[in-house]
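Each remark here refers to the structure printed beneath this line.
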Amino acid sequence: MSDPQPVYLSDYQPPAYRVTHTELTFDLDPAATRVKARLLIERHPEADANAPLVLNGEHLKLISLAIDATPLDAAAYELDDEVLRIAQVPERFVLESEVEIAPRENTALEGLYQSNGMYCTQCEAEGFRRITFYPDRPDVMATFKVTVIGDQQQEPILLANGNPIERGELESGRHFVTWEDPHPKPCYLFALVAGNLHSVEDHFTTMSGRDVTLQIWVEKENLDKTKHAMASLKRAMEWDEKAYGREYDLDLFMIVAVNDFNMGAMENKGLNIFNSAAVLTHPQTATDAAFQNVEGIVAHEYFHNWSGNRVTCRDWFQLSLKEGFTVFRDQCFSADTNSAPVKRIQDVSFFRTAQFAEDAGPTAHPIRPDHFIEITNFYTLTIYEKGAEVVRMLRNLVGGESFRRGSDLYFERFDGQAVTIEDFVGCMAEASGEDFSQFMHWYSQAGTPDIDAHGEYDYVQGEYHLTLRQRTPATPGQPDKLPLHIPVRMGLVGTKSGQDLTLTLNGEKLGKDAVIHLRDDEQTFIFTDVAEAPVPSLLREFSAPVKLHYPYSREDLAFLLTHDSDGFNRWDAGQRLALLALDDLIAAHRNGVEKVMDSRVVDAFRALLGGPMSDKAVLAEMLTLPSEAYIAEQQPIVDVDAIHAAREFVRQSLAVALRDEFLAIYEANVAEEPYAPTPEQIAQRSLKNVALSYLMSIEDEQGLALCEAQFAADHNMTDVRQALTLLVHSDRDDLASPALKAFGEKWAHDPLVMDQWFTVQVSRPQPDVLERVKYLMQHPAFSLKNPNRVRALVGAFAQNRVNFHRLDGQGYQLLADVVIELNRLNPEIAARLITPLTRWQRFDETRQALMRSELERIKQQPLSSNVYEVVEKALA
Ligand code: ARG
Ligand code: ZN
């Protein structure tokens, strides 16, 4: 077999034939579902009259094929594993086909598959070709009419996109429902669901007064877990009307929860299909973070109805057109519904850890890649999150009003079309009069720009000189980079007054908080009329996805931590201060020198704990140390053990020095009111639980008692899970074991809670974890076929820095074993699971060799194109 070959953006050709209308009939059967397709096809006016009709099709058994009711004989077409080619077709015709597929055997979870006996689909990006022969590309848009035939007992509920128009009984206990979707759509938005489902129903009145029926379909035992998703959906519908003027366009909107799902959720027209983890919540089973995640994903998928469905992507290279924009939209929605500063802190802190690592590794790619082998490998943090950061920069560059005019223009002009990133940015340019030609490099250049900043205050002239130098490192295939247009939001904080000083640049007064534009490799900005020596506050609110280096002293950082008017940068100053202290401790650990805690960090934390408690959610973030993964990002060579030891040392030193303060915080934030996922309650719980984690880091007697009591009180999953985690991650196995056992028995019937049970155990720092992972993989609640289980157990283990990176290489070996097995079952999940191994360059030589040899071992196997592409890049 030859190696899989990439496709290139530069090879894009418009389709020679388009499908204007699609009719499908599914006769469901687990082993042999029959799919009949009736496609109205037209040749593109500019296409060659001899152009063959090329349809995608994989894992399909062809039963029959006809054009305009005349069956085709075998000489009329060519068929291989991927493509059906018909050499001669009329200008306009009806193509009828019948194929057979086996949903029960489909463990890849792409196309039509079964999950817990229920039929469901996942077609994005290229899953529809596993359902029927079709031009499986997003720039072919058709109206759909779909008939689903199933067993009345097994599949009482039969769903597809749009509105139900007909239903009836058939012989031998079967029945059917016909659905019609009037909005032309690409086939990746097709969906079908059939099974024994139950729904909760609600209604929404749109801004023009139309009534929309909202349904969430779940298995019966989950009916009590849909309230939050429904409330989130209604808030999202209202928000999109207010923020973007976008109204829903069908009479029915459905969400379905399925147990086996590769990703979070999917925006199929009118029939969103969700991973059950992304929709089900209950105070007893889901944490605050899970509640917020559900709210964000429900909104994200709903927002796709416009940014993705009404206006879609011309080709998959444009994926960030819909994903970057939609992530930006859901981030703004969540910021508006919860604490905006905390949302930004959490998003950025995740971004700087995970996306920066991706951008620095062998799979780095631009927001708009120019080639790929397997598109499912490109549902990445770069396409989604960096794409959202770039849209955020655009919004900040043009301002809120022009951005809205630009988005109105985009939705109006391109409604019903499949378009490109240029079309989107072009609307923003048109609405604002700005020139984005340099800005477009953000879409084509991979890698995180480094900005070296340097400032000097001239007492005599009253001037502040700020020099910024940008450099984007080489990434695979892109040795040289052009300078980017980087908006740097900033202030100068006076060291005497503690206030933001007025910024005067080139004689122009910019106010106290302004955006300066870095466009060249190096620029010096001279601020005049600066009355006192300032500390610069740079990249406020993370105004661009870059690494900003400024030689801040610890005194500068302690000053910004209390005085910066930008909440985000106050938090960041605290993180930078902790990182400086951690650097010293990592060095001390490596050199075998005694560790000494930096008193400035202790003082800064004491000041935080003694300060105003106005925003508890932000305070909880400020009290949280940078994660081991983020600390690792800052190190030239990652020493997992030194990082772990240094971070534990800081935690424990803070806990010893500030024990009474943490205890007081804990006690002041215990609440007895019934659980609600409100910003106020969430803030209180986070603060309380941060305090508890410090107390538990020193196994403080009182802390232990509080932790046990919190577990036993069983008030809500946020508190229970935190207590369980702290017990299991402590050295008190005498307390942890009974708690784990009780939890595991209580929740044995609930897979989403068992996932948390797996994760808590395999993320503990103690060295018995590898054995535990192996043991738990045999647990009846575990299955390699379920992506959530794999992520909760194997994926979480690979995030356990000290244990995954064991020096004997057994952590790597275990992961590679799982990848090899999953490669056969579910290539998409297998490819994703390799990620931690692809980061081998970041480690010491011993670990590099161990990681590489596991990658080599994977490479020896017969591989799916998904795994092949990742391993190939990782070893290149
Ligand atoms: N469009 C979906 C979302 O972001 C994700 C689709 C994922 N598809 C895939 N093959 N992984 O909302
Ligand atoms: Zn999306």
Side-chain angles (χ1 to χ4, degrees), residues 56 58 106-113 120-131 136-138 161 185-191 229 232-233 236 240 255-258 260-275 277-279 293-313 316 318-334 367 372-388 391 418 787-788 790-791 822 826-833 835 864-867 869-870:
N56 305 96
E58 293 176 15
N106 183 349
T107 57
L109 314 185
E110 279 188 290
L112 177 67
Y113 63 94
C120 62
T121 52
Q122 171 57 35
C123 294
E124 186 181 359
E126 298 179 335
F128 194 72
R129 60 188 63 183
R130 292 163 180 250
I131 290 177
D136 188 1
R137 44 187 289 168
N161 316 83
K185 65 168 178 286
C187 62
Y188 83 86
L189 291 172
F190 164 80
S232 303
L233 174 60
D240 212 17
I255 285 178
V256 184
V258 309
D260 303 87
F261 203 75
N262 282 348
M263 300 270 283
M266 179 62 210
E267 68 265 23
N268 317 300
K269 185 78 187 189
L271 179 55
N272 288 2
I273 297 183
F274 274 61
N275 185 325
V279 59
N293 192 41
V294 164
E295 178 180 60
I297 297 182
V298 167
H300 178 99
E301 306 311 332
Y302 174 72
F303 296 156
H304 268 315
N305 191 54
W306 278 93
S307 49
N309 300 5
R310 289 288 288 252
V311 182
T312 194
C313 300
W316 292 119
Q318 320 293 329
L319 180 57
S320 195
L321 171 69
K322 74 176 177 80
E323 295 305 344
F325 186 23
T326 305
V327 170
F328 173 68
R329 278 150 57 68
D330 84 58
Q331 288 177 345
C332 294
F333 165 75
S334 294
I367 292 171
F372 58 73
I373 290 179
E374 183 50 67
I375 183 60
T376 55
N377 285 336
F378 286 78
Y379 286 74
T380 60
L381 297 167
T382 300
I383 306 284
Y384 277 66
E385 266 68 26
K386 190 174 180 182
V391 174
N788 289 353
V790 172
R791 282 184 279 256
L822 263 179
N826 186 331
E828 178 174 352
I829 299 298
R832 223 161 257 278
L833 210 57
T835 308
S864 61
S865 54
N866 310 57
V867 173
E869 181 174 35
V870 175

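Positions are given from 1 along the sequence. One-based numbering, in listed order, for ligands and for the atoms of each.
One distance of note links CG of Asn56 with CZ of Arg130; it measures 12.0 Å at 0.5 Å rounding. Distance check, rounded to the nearest 0.5 Å: CG of Asn272 to CG of Leu189 gives 9.5 Å. Taking CG of Leu112 as the start and CZ of Phe128 as the end, the distance is 10.5 Å to the nearest 0.5 Å.
Counting heavy atoms closer than 4.0 Å to ligand 1, residue Glu110 contributes nothing at all.
Distances shorter than 4.0 angstrom do not occur between any heavy atom of Glu126 and any atom of ligand 1.
Each of the following atoms of ligand 1 lies closer than 4.0 Å to a heavy atom of His300: 3 (C), 4 (O), 12 (O). For ligand 1, the atoms sitting less than 4.0 Å from at least one non-hydrogen atom of Ala265 are 2 (C), 3 (C), 5 (C), 12 (O), numbered in the order shown with element in parentheses. Ligand-side atoms of ligand 1 in range of Thr376: 10 (N), range being under 4.0 angstrom from any heavy atom. Close approach of ligand 1 to Met266 (heavy-atom distance below 4.0 Å) involves ligand atoms 1 (N), 2 (C), 6 (C). Interface of Glu267 with ligand 1, defined as ligand atoms under 4.0 Å from a residue heavy atom, comprises 1 (N), 2 (C), 3 (C), 12 (O). Residue-ligand proximity, Ala125 to ligand 1, at heavy-atom distances under 4.0 Å covers atoms 10 (N). Interface of Glu301 with ligand 1, defined as ligand atoms under 4.0 Å from a residue heavy atom, comprises 3 (C), 12 (O). The ligand atoms of ligand 1 that sit less than 4.0 angstrom from a heavy atom of Lys322 are 1 (N).
The closest protein non-hydrogen atom to atom 4 (O) of ligand 1 is Tyr384 OH, 2.5 Å. If you check which protein heavy atom lies closest to atom 10 (N) of ligand 1, you get Glu124 O, 2.9 Å.
Judged purely by distance below 3.5 Å, without hydrogens or angles, the side chains of Asn275 and Asn788 pair a donor atom with an acceptor atom. Side-chain contact annotation: Asn377 with Glu869, donor-acceptor N/O pair under 3.5 Å present.
Using a distance-only test at 3.5 Å, with no hydrogens or angles considered, a donor-acceptor pair links the side chain of Asn309 to the main chain of Glu267.
Residues Ala125 and Tyr188 come closest through the heavy atom pair O-CB, 3.8 Å.
In this structure Gln122 satisfies the side chain to side chain donor-acceptor pair (under 3.5 Å) test with no other residue, sequence neighbours excluded.
Annotation: Tyr379 places no N or O atom under 3.5 Å from an N or O atom of ligand 1; distance criterion only.
Ring geometry for Tyr379 versus Trp316: interplanar angle of 30 to 60°, hence tilted.
The atom of Glu323 that is an N, O or S and sits closest to the Zn ion (ligand 2) is OE1.
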